[in-house]
Asks: 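Let me begin by handing over the structure; questions about it come next.
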Amino acid sequence: MSAPVTMPHVMPTYGRLPIALSHGVGAHVWDTEGRRYLDGLSGIAVNTLGHAHPTFVAALQDQVGKMIHCCNYYQVPLQEELASMLVARSGLTNVFFCNSGLEANEAALKIARKYGHDKGIARAEVVVFEKAFHGRSIATLSATGNPKVHAGFEPLVEGFVRVPLNDIAAIEEVARTRPNVTAVFLEVIQGEGGINPARAEYLQAVRRICDEQGWLLMLDEVQCGIGRTGKWFAHQWAGILPDVMPLAKGLGSGVPIGAVVCGPKAAEVLKPGNHGTTFGGNPLAMRAGVETLKIMEAEGLMANAAAVGEHLMAALRRELAGEAGVVEIRGQGLMIGIELDRPCGVILNRALDAGLLLSVTADKVVRLLPPLIFTTAQADELVAILVPLIRQFLAEPVPA
Ligand SMILES: *Cc1c(COP(=O)(O)O)cnc(C)c1O
């Protein structure tokens with residue numbers, strides 16, 4: 001096992017693993033030494049279609065040859081095309097395009113504040129959650145629940161009220177005591193926080209409270225959206241509609257993109273001049289989004305994510321049954337967390353040595369986010385590599 005490495009002249013903001021990846025095909029990638037890995041991470045839920053998907057590659061090559069960027073001084077037909085696809089699949093009405101998850105969330109937070117101002121609330125507050133992750137800009141890190149993400153960047157942005165997830169009484173208490181609240185902002189399944197799903201009854205209750213209070217329901221689907229759970233959007237399992245839904249990671253299958261999809265209460269809050277971004281909605285990113293959604297549909301990748309996810313979850317539960325150190329295996333579709341009873345960052349390096357890419361988040365949770373093209377055979381391959389590593393890790397004495 002090797003210590004995290006940094007790269008000369010590159011800011012040391014990441015603890016990197018000691019390999020460099022050169023290329024990939026489907027759910028496999030190769031490093032610069034020629035070693036092959038099974039991709040159980042998809043670049044953190046980004047490579048929806050896996051690597052080098054032939055239809056996707058051809059479409060991007062076509063687009064690069066036509067136009068990469070033109071800016072929003074002009075109409076961009078591909079924005080309309082992708083917006084209409086997202087609207088049709090979400091039941092919402094309008095989309096703002098940007099370039100990343102934090103940017104999508106930043107736009108959502110601006111909508112929550114402007115929505116308040118428009119109805120006479122000068123100091124709008126947004127309800128956010130313990131263990132939430134929303135990004136690393138000053139506003140989105142302030143909305144994030146992890147104190148490690150805050151440390152060193154104080155003063156935080158004000159106007160957030162924090163509550164625990166899945167606690168209806170806590171949010172009812174906020175409704176009784178905080179007249180300036182304008183929105184509730186949560187991940188349907190917390191990703192970085194350790195694969196913590198909001199329960200369906202909880203989401204339904206929050207929807208009802210938002211309606212009673214005139215609050216916006218803003219669901220951060222940056223990680224759990226775009227088919228990963230087996231439906232287009234994770235909240236659809238609960239049968240509710242949000243007012244604001246930030247998207248990013250999987251939407252462009254690797255090309256940087258972000259989007260905020262809004263329903264009627266939120267769609268016209270931002271007026272000309274209120275928001276914008278140079279790169280947002282550029283033709284290359286829009287084409288990547290359009291092709292990602294089309295290919296997902298043509299290849300039945302949502303049904304695949306649901307079926308392979310269920311197979312993977314069942315295999316992990318079966319193989320790890322009776323392991324006292326396994327606290328819980330949870331998630332939905334191809335978004336799975338295995339919580340252990342102790343910090344397990346070392347599993348990341350050991351999996352790498354064994355030819356498997358994954359992540360460990362919230363110290364104790366092994367997180368699996370394979371591409372949506374993952375097959376049951378690949379799921380079995382993943383289980384065959386990972387389960388012995390977890391068993392061996394749990395059999396070792398806990399360091400004092
Ligand atoms: C990754 C992530 C973000 C931040 O996205 P970036 O593209 O890294 O800025 C925000 N919210 C959630 C739920 C995420 O998983």
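As the structure lists them, so they are numbered: ligands from 1, and atoms in each ligand from 1. In what follows, every heavy atom counts, from backbone to side chain, and hydrogens, waters and symmetry copies are set aside. Because the structure is predicted, anything quoted here is derived from the model rather than measured.
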Asks: Regarding ligand 1, does Gln223 bring an N or O atom to under 3.5 Å of one of the ligand's N or O atoms?
Replies: yes
Asks: Pairs of donor and acceptor atoms involving the side chains of residues 301-310, under 3.5 Å and at least two apart or interchain, shall be tabulated with distances.
Replies:
residue : atom : partner : partner atom : Å
Asn304  : ND2  : Leu372  : O            : 2.7
Asn304  : ND2  : Phe374  : O            : 2.8

Asks: Do Lys249 and ligand 1 have an N or O pair less than 3.5 Å apart?
Replies: yes
Asks: Indicate the ring-plane relationship of Phe185 and His134, choosing parallel, tilted or perpendicular according to the 30° and 60° boundaries.
Replies: parallel
Asks: Say whether Leu102, considering both its backbone and side-chain N or O atoms, lies within less than 3.5 Å of an N or O atom on ligand 1.
Replies: yes
Asks: Are any of the N/O atoms in Asp220 less than 3.5 Å from those in ligand 1?
Replies: yes
Asks: Do the side chains of Arg342 and Glu396 get close enough for a salt bridge, i.e. N-O under 4.0 angstrom?
Replies: no
Asks: Hey, what's the ring geometry for Tyr202 with Phe129, parallel, tilted or perpendicular (30° and 60° as the breaks)?
Replies: perpendicular
Asks: With His311, which residues qualify under ring-ring contact (aromatic ring centres under 6.0 Å, His included), at least two apart?
Replies: none
Asks: Would you mind telling me if ligand 1 is within reach of the side chain of Glu187, the backbone, both or neither, using heavy atoms under 4.0 Å?
Replies: side chain
Asks: Using 30° and 60° as the class boundaries, would you call the ring planes of His235 and Phe233 parallel, tilted or perpendicular?
Replies: parallel
Asks: Side chain, backbone, both or neither: which part of Asn105 comes within less than 4.0 Å of ligand 1 when only heavy atoms are counted?
Replies: side chain
Asks: Are any non-hydrogen protein atoms located under 4.0 Å from atom 5 (O) of ligand 1?
Replies: yes
Asks: Short N/O distance, under 3.5 Å, between Gly101 and ligand 1?
Replies: yes
